[in-house]
Protein chains: 2
Amino acid sequence: MPIQKITKEEILKKSIDVFRLKGYHNTSMQDLAEACGLMKGSFYHYFQSKEALMKELLVGVNTYLKVKIFSIAYDSSLQPKDKLEQMLKKMGRFLFEKDGGCIVGNTTLETSGLFYEFEPVLKNIFTEWIDAHKHIFEEAGKPSETALKLAQQSIMELEGAVMLTKLYGNRDLLIDAFNRTIQKLD
Amino acid sequence: MPIQKITKEEILKKSIDVFRLKGYHNTSMQDLAEACGLMKGSFYHYFQSKEALMKELLVGVNTYLKVKIFSIAYDSSLQPKDKLEQMLKKMGRFLFEKDGGCIVGNTTLETSGLFYEFEPVLKNIFTEWIDAHKHIFEEAGKPSETALKLAQQSIMELEGAVMLTKLYGNRDLLIDAFNRTIQKLD
DNA sequence: GTCTATAAAACGATAGAC
DNA sequence: GTCTATCGTTTTATAGAC
């Protein structure tokens, strides 16, 4: 029995870094293989196709965000402002951990309208993200409709900030966006 | 057989539609050729490479935006609010004319950090866009630093709105972002 | 004949898949 | 490793306009 050099989870983790840096179409199986220390053919023992790999990766990101970040919005031991601050702090780490910006935003712009395979999970991520912010704004006393608009606005501004941060290499733009999101609680 | 089927300008115009729909890497010379009614080899009569074609295309977009849209910010016959409304209205037409969202935002997320060839023109577009908004906010009485932040915030929110509009197919998100930009004048 | 826009064919490289 | 398809690109040929 051959030894297992790498687990499926480790492949997914390494692949995120490559995809967020190079994009979906511009990343080859060869690129992923090199990042994982595998022969490119070996990938097909773990995943049916490049598309299936990307889809599983996005589902994993969805789970991570839901469990580790969005869940903070529903933690009853925290005040609204603390919730928002903690969420944004963790989101900042998620975005800045490696170069390349936001894998969710990048993949959305690159594939939505083309690959119906990715759309459900991408929509789910943004919907849960918006819902989490909405919940906090409601808890802070905003009417439901207002809370929704503020939440949508926050997420749009963050994704736009990530875009300009990636282009200009200036993280202050994202910090500003974080601060404005917190000010929306008032 | 006619000696010229298409002009360089027409090629650029048709290519924008393909690139914004399919993205840069996922668009093949074959795709562009079909959109233009040419053989793919014939493209090299007009452009040195796919990269050179994209760069010229982006420079053309920059010129279009500068002349047709950003210039409104400096039209002395208009009030600040009218300027902003006209700019956003024209930007909306530019974004919704065809499917695929914003060619500038799409290309930024797909190529910045990878292709240094595109970065100068992409940066220039965003800088001129932000400057135009900043100018209007200053004219409306905002201090320079405040005007800059409001301008950056507006552009980030618009690009984020385009992203979610592309994903959800719901243009109301962009309309809301337009309206909030106008409200920032108060 | 010369010039030019296009077609046609073929190149080496690399893609995703097995 | 090996397949086949397709990528971006290059080269060659051809069809009109002068």
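To find a chain, count down the sequence lines: A is the first, B the second, and so on, and within it residues start at 1.
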Taking only heavy atoms on the protein side, list every residue of [range] lying under 4.0 Å from any atom of DNA chain C, sorted numerically.
{"range": "residues 46-56 of chain B", "result": "B:Y46"}
{"range": "residues 20-29 of chain A", "result": "A:T27, A:S28, A:M29"}
{"range": "residues 115-122 of chain B", "result": "none"}

- Message: Restricting to ring pair (Phe, Tyr, Trp, His ring centres under 6.0 Å), what partner residues turn up for A:Y46, sequence neighbours left out?
- Response: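 So A:Y46 forms no ring pair (Phe, Tyr, Trp, His ring centres under 6.0 Å) with any residue.
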Identify, with sequence neighbours excluded, every residue that meets salt bridge (Lys or Arg N to Asp or Glu O under 4.0 Å) alongside [X].
{"X": "B:K8", "answer": "B:E56"}
{"X": "A:E117", "answer": "A:K55"}
{"X": "B:D75", "answer": "none"}

What's the [atom1]-[atom2] distance between [X] and [N], to the nearest Å?
{"X": "A:F43", "N": "C:dA15", "atom1": "CZ", "atom2": "C1'", "value": "15 Å"}
{"X": "B:H45", "N": "D:dT9", "atom1": "NE2", "atom2": "P", "value": "17 Å"}
{"X": "B:Q4", "N": "D:dC18", "atom1": "CD", "atom2": "P", "value": "13 Å"}
{"X": "A:L38", "N": "C:dC18", "atom1": "CG", "atom2": "P", "value": "18 Å"}
{"X": "B:Y44", "N": "C:dA8", "atom1": "OH", "atom2": "P", "value": "18 Å"}
{"X": "B:I3", "N": "D:dT14", "atom1": "CD1", "atom2": "C1'", "value": "12 Å"}

For residues 140-151 of chain A, run the donor-acceptor check on the side chains, cut-off 3.5 Å, and write out each pair with its distance to 0.1 Å, sequence neighbours left out.
residue: A:K142; atom: NZ; partner: A:D186; partner atom: O; Å: 2.7
residue: A:S144; atom: OG; partner: A:E138; partner atom: OE2; Å: 3.3
residue: A:K149; atom: NZ; partner: B:D176; partner atom: OD2; Å: 2.6

- Query: How about B:Y168 and A:F126: are their ring centroids closer than 6.0 Å?
  - Reply: no
Listed pairs under 3.5 Å, donor-acceptor, residues 57-73 of chain B side chains, sequence neighbours left out:
residue: B:T63; atom: OG1; partner: B:V59; partner atom: O; Å: 3.1
residue: B:K66; atom: NZ; partner: B:E128; partner atom: OE2; Å: 3.3
residue: B:S71; atom: OG; partner: B:V67; partner atom: O; Å: 2.6

- Query: Who pairs with A:E159 by side chain to side chain donor-acceptor pair (under 3.5 Å), at least two apart in sequence or on another chain?
  - Reply: none
- Task: Provide the full list of salt bridge (charged side-chain N to carboxylate O under 4.0 Å, His left out) pairs with a residue in residues 83-93 of chain A, sequence neighbours left out, each pair given once.
- Result: A:K83-A:E139
Show the distances under 3.5 angstrom between N or O atoms of the protein and N or O atoms of nucleotides 10-12 of chain C.
none

- With no hydrogens and no angle check, do the side chains of B:N124 and B:T127 hold a donor and an acceptor under 3.5 Å apart? no
